[in-house]
Amino acid sequence: MSAERHILILGGTTEARRLAAELAADPALRVTSSLAGRVAAPRLPAGQVRIGGFGGPDGLARWLREQQVDALIDATHPFAGTISFNAAQAAAEVHVPLLAVRRPGWVAGPGDDWHETGSLEEAAAALPALGERVFLTTGRMGLASFAHLDRLWFLVRSVDAPEPPSPSRMEVLLDRGPFTVEGERELIRRHRIDVLVTKDSGAAATSAKLTAAREARIPVMVIRRPPAPEDVPTAGGPAEAAEWVERVLGPR
């Protein structure tokens with residue numbers, strides 16, 4: 001490339017960090033990663049970093065113009081649905097090429113006892129019929145949906161400490177993946193877990209709990225992903241996204 005080109009990557013996911021590291025190694029590219037700021041001490045990617053929201057699609061469009069962004073990559077978490085729609089609207093308004101990095105979802109296999117649901121509220125409603133000791137791995141933001149389930153006991157795992165409202169019978173485990181099958185197996189055994197609740201994040205770093213649940217023969221409540229914008233080109237991972245950048249902006 002004859003001049004520096006500006007790439008904005010949305011998200012602090014593993015895929016986003018790997019992509020930022022690859023692109024930032026090219027001196028012809030200026031790479032900015034935008035993190036939502038929901039984690040107190042996020043793992044910072046290579047290149048420039050901004051933390052916080054844009055103020056909706058209009059704010060993002062304004063930022064794209066002001067910062068002269070040449071390409072936009074949505075590598076946010078599969079459940080960060082609002083920003084994906086904001087990105088699609090802003091990119092269309094400013095006429096900036098947009099790519100969505102969407103990791104494949106998890107697929108149930110032999111021996112899995114999965115119960116799919118469309119929301120945290122639906123999961124909470126169905127949960128008492130599945131077990132009494134719950135391993136809840138949906139993050140700290142959605143605990144209010146389970147706060148009324150006083151008869152159930154929860155092991156809640158999150159990166160940062162959750163805030164109320166939350167279940168009255170709860171133990172909090174502050175931890176960050178990747179997790180191992182051995183570690184997940186021990187958690188299920190030690191806490192006598194009889195049901196797992198998780199979002200279909202699709203990440204390999206957090207899939208060990210599914211293997212451990214299968215081995216323990218306990219049911220898994222899987223919350224389906226929210227809708228994503230249509231007509232946006234997608235990539236399955238960082239390598240494919242880097243190839244897209246080269247096609248859109250020219251050889252590096």
Taking side chain as C-beta onward, heavy atoms only, is Val101 less than 4.5 Å from Asp74? no
Reference residue Val245; test side chain to side chain contact (heavy atoms under 4.5 Å, CB included); the match among Asp70, Leu99, Leu23: Leu23
Short side-chain donor-acceptor distance under 3.5 Å, His115 and Asp113: yes
Less than 4.5 Å apart, side chain to side chain, heavy atoms only: is that true for Val49 and Leu35? yes
Would you call Glu184-Arg157 a salt bridge at under 4.0 Å N-O? yes
So, taking the atom named OG in Ser168 and the one named CG in Leu152, what distance separates them when rounded to the nearest 0.5 Å? 9.5 Å
Can you find a heavy atom in the side chain of Pro178 that is under 4.5 Å from one in the side chain of Thr180? no
For Ser145 and Ala124 the tightest heavy-atom approach is O-CB, 3.3 Å
Hey, is the main chain of Leu60 close enough, under 3.5 Å, to the side chain of Asp58 for a donor-acceptor pair? no
Can you check side chain to side chain contact (heavy atoms under 4.5 Å, CB included) on Met170 and Leu143, steps first, answer last? CA-CA 11 Å; Met170 176 182 73; Leu143 285 188; 4.1 Å; yes
Kindly work out whether a path of hydrophobic side-chain contacts (I/L/V/M/F/W/Y, heavy atoms less than 4.5 Å apart) joins Met221 to Leu136. yes
Partner residues of Asp112 under the salt bridge (charged side-chain N to carboxylate O under 4.0 Å, His left out) criterion, sequence neighbours left out: Arg214
Does any non-hydrogen side-chain atom of Arg30 lie less than 4.5 Å from one of Ile7? no
Run Thr198 and Val220 through side chain to side chain contact (heavy atoms under 4.5 Å, CB included) and show every step you take. CA-CA 7 Å; Thr198 187; Val220 179; 4.0 Å; yes
Glu93 (side chain) donor-acceptor with Gln89 (main chain) under 3.5 angstrom: no
Hey, quick one: are Val69 and Val232 part of the same hydrophobic cluster, counting side-chain heavy atoms closer than 4.5 Å, chains of contacts allowed? yes
Cluster overlap Ile73 with Leu64, hydrophobic side-chain contacts below 4.5 Å: no
Salt bridge between Glu15 and Arg18, side-chain N to carboxylate O under 4.0 Å? no
Just wondering, do Leu72 and Leu10 contact through their side chains at under 4.5 Å, heavy atoms? yes
Does Ala161 offer a backbone N or O that forms a donor-acceptor pair with the side chain of Ser158 under 3.5 Å? no
Cluster question for you: counting only ILVMFWY and a side-chain heavy-atom cut-off of under 4.5 Å, with indirect links fine, are Trp153 and Val172 together? no
Distance-only, no hydrogens or angles: does the Arg17 side chain make a donor-acceptor pair with backbone N or O of Gly12 under 3.5 Å? yes
Answer yes or no: is there a side-chain heavy-atom contact under 4.5 Å between Val159 and Arg140? no
Does either side chain, that of Arg5 or that of Gln68, offer a donor lying less than 3.5 Å from an acceptor on the other one? no
Which heavy atom in Phe79 sits nearest to a heavy atom in Pro226, and how many Å separate them? CD2-CD, 3.5 Å
Between CD1 of Ile218 and CG of Leu130, what distance do you get to the nearest 0.5 Å? 10.5 Å
Any side-chain heavy atom of Ser84 within less than 4.5 Å of one from Thr76? yes
Scanning both residues in full, the closest heavy-atom pair of Trp106 with Ser201 reads CH2-OG, 3.3 Å
Whether over 12 other heavy atoms sit under 6.0 Å from Arg151 CZ: no
Dump the intermediate steps for side chain to side chain contact (heavy atoms under 4.5 Å, CB included) on Ile9 and Ser34, then the final yes or no. CA-CA 6 Å; Ile9 302 175; Ser34 177; over 6 Å; no
Treat each ILVMFWY residue as a node, draw an edge where side-chain heavy atoms are under 4.5 Å apart, and state whether Phe154 and Ile188 are in one component. no
Close side-chain approach of Val197 to Thr138, heavy-atom, < 4.5 Å: yes
Any side-chain donor-acceptor pair under 3.5 Å between Thr234 and Arg102? no
How close do Pro229 and Ala88 get, counting heavy atoms only, and between which atoms? CB-CB, 4.0 Å
If I compare all heavy atoms of Ala24 with all of Val31, which pair ends up nearest, and what's the gap? N-CG2, 3.7 Å
Inter-residue atom distance Lys199.NZ - His77.NE2, 0.5 Å rounding: 6.5 Å
Can you tell me how far CD1 of Ile223 sits from OG1 of Thr117, rounded to the nearest 0.5 angstrom? 6.5 Å
Show your working on side chain to side chain contact (heavy atoms under 4.5 Å, CB included) between Leu155 and Val134 and close with a plain yes or no. CA-CA 6 Å; Leu155 175 64; Val134 185; over 6 Å; no
Tell me the closest heavy-atom pair linking Phe85 and Pro227, and the distance in Å. CE1-O, 3.4 Å
Once the angle between the rings of Trp63 and His6 is folded into 0 to 90°, is it parallel (under 30°), tilted (30 to 60°) or perpendicular (over 60°)? tilted
Determine, for Phe54 and Arg50, whether the Lys NZ or Arg CZ falls below 6.0 Å from the six-membered ring centre while staying within 45 degrees of the axis. yes
Gln48 side, atom CD; Leu8 side, atom CG - distance, nearest 0.5 Å: 10.5 Å
Is any side-chain N of the basic residue among Arg133 and Glu171 closer than 4.0 Å to the acidic one's carboxylate O? no
Starting at CG of Leu149, measure out to CD of Glu132 and round the result to the nearest 0.5 Å. 12.0 Å
I would like to know whether Arg185 and Glu182 meet salt bridge (charged side-chain N to carboxylate O under 4.0 Å, His left out); could you show each step before the answer? CA-CA 5 Å; Arg185 187 187 295 131; Glu182 181 180 358; 5.9 Å; no
